[in-house]
Amino acid sequence: MKVLVVGQGGREHTLVWKLAQSPVVEKVYCAPGNAGTAVDGENVNIAADDLGRLMSFAKHNDIGLTVVGPEVPLVAGIVDEFKSHGLKVFGPSKAAARLEGSKAFSKEIMKKAGVPTAASKSFTRLEEAHAYLDALDDVPIVVKADGLAAGKGVHVCKNCTEGKAAATQMLQDGLFGPAGQTIVIEECLEGQEASILAIVDGDTIIPLETSQDHKRAHDGDLGPNTGGMGAYSPAPLVTDDIMDDIIRRILVPTIHTMRVEGHPFSGVLYAGLMLTQHGPKVIEYNVRFGDPEAQAVLMRLKTDLTQILSLAASGRLAELEGLEWDERPAVCVVMASEGYPGSYPKGRAISGINEADQLSDTKVFHAGTMAKDMDVLTDGGRVLGVTAMGDSIADAKQAAYQAVERICWDGAWNRSDISDKA
Ligand code: AMP
Ligand code: GLY
């Protein structure tokens, strides 16, 4: 079978690498891909949001399964388009992708499902948002743009004055454009965060191993928010009891409610959780694999990913007899460009990737890279996700950082404390 992966980041390189290991897969294409997906698969020069050309490519190249990495094409309805042309595709429909595409919709579903989450209210009118904030005690508050904002739409505010400023920026000044025309104001939760990814086929839910991301740019969780500076799996904080609670009180009622509401959810349900004193609460839903969580989690997966995603795309996940995992933990350290998450240069030559890749139980996943002649050049803010397994989290961390040390380019940097929270 030929497989197409849509996207170009670290998550997509991980998917290409894993899907290509399947005995039933003869070739994996990646559109548009990066320098890493060109080695583990074959790149196709079509942008991830060019639905028409992606569909035409899949039709004319006998693609048996398409796996969509990023949220933008999912929210735009790529799955509905592919299905209407008889193409097999893994991911949620446009209606179901609103779990990530609209935070107001997502909150509505959580309320209907009785899922524990931060108390919240949605607004489209600035006066009403300000009046609501004025009536609150001066507590920390979170203001979120309703729509997709490339990971920048969440403002965690120290008090209601800051909250009002954020509401004004979004509703009045057009920060985030149409994505900020509706906002969600919610209670600020305290605790440690964990990411739960589950494969779903509309009905059956198969949770993957747990993981934790590191959102802030600098060590000790300081500095600005990023797409994620590193991850590890499993997250020991999520005990078996907590996981049971998450399945029973969060995953099952959400998937049930999506079906009852007429938008059955198929694809990856990613629950971003806060583990609070009062139990796990949902911070947000995403409708795709996390990046860099996928790197750490999928490195440990032993079951054939192609089989899992094919069954999910056909609504036959119940036929799968559980998943097999490597018991060893994995740690992924993101190496970033100078200036990220602000603006950064591109086109710097990277050395040492092959040397790092040769270390045992280590894989260098490319995120923002491009190949030019014989060189690999930086082409994004998050450039590489250096991932390694070890007998303990400490061993996996050490192995990942040993690999990081072999790689360099002008301006490269990374956090040095990935997995310390575990
Ligand atoms: P997002 O961009 O939606 O992934 O959110 C970015 C980060 O904002 C999350 O990873 C949390 O650290 C933080 N955040 C979002 N909502 C809340 C909340 N209700 N309480 C506390 N922190 C939050
Ligand atoms: N690592 C966070 C995300 O994928 O949204």
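All values reported here derive from a predicted model rather than from experimental measurement. Order of listing sets the numbers, starting from 1, for every ligand and every atom in it.
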For ligand 1, which part of K152 has a heavy atom less than 4.0 Å away: the side chain, the backbone, both, or neither?
neither

Where's the contact between H155 and ligand 1, heavy-atom distance under 4.0 Å: side chain, backbone, both or neither?
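Neither; nothing of H155 gets under 4.0 Å from ligand 1.
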
What about E186: any of its N or O atoms under 3.5 Å from an N or O on ligand 1?
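Between E186 and ligand 1, an N or O pair is found under 3.5 Å apart.
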
Can you find an N/O atom of L189 closer than 3.5 Å to an N/O atom of ligand 1?
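It does: an N or O of L189 is found under 3.5 Å from an N or O of ligand 1.
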
[X] neighbourhood, listing ligand 1 atoms whose heavy-atom distance to it stays under 4.0 Å:
{"X": "I283", "value": "14 (N), 15 (C), 16 (N), 17 (C)"}
{"X": "K103", "value": "3 (O)"}
{"X": "C188", "value": "20 (N), 21 (C)"}
{"X": "V142", "value": "16 (N), 17 (C), 18 (C), 19 (N), 20 (N)"}

So which protein heavy atom does atom 5 (O) of ligand 2 come closest to, and at what separation?
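Of every protein heavy atom, R288 NH2, 2.9 Å lies nearest to atom 5 (O) of ligand 2.
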
Compute the minimum heavy-atom distance from G272 to ligand 1 and say whether it is under 4.0 Å.
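No, G272 has no heavy atoms under 4.0 Å from ligand 1.
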
Any K144 heavy atom less than 4.0 Å to ligand 1
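Checking ligand 1 against K144, which is what was asked, there is a heavy-atom contact under 4.0 Å.
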
Taking heavy atoms and a distance under 4.0 Å, where does R11 meet ligand 2: side chain, backbone, both or neither?
neither

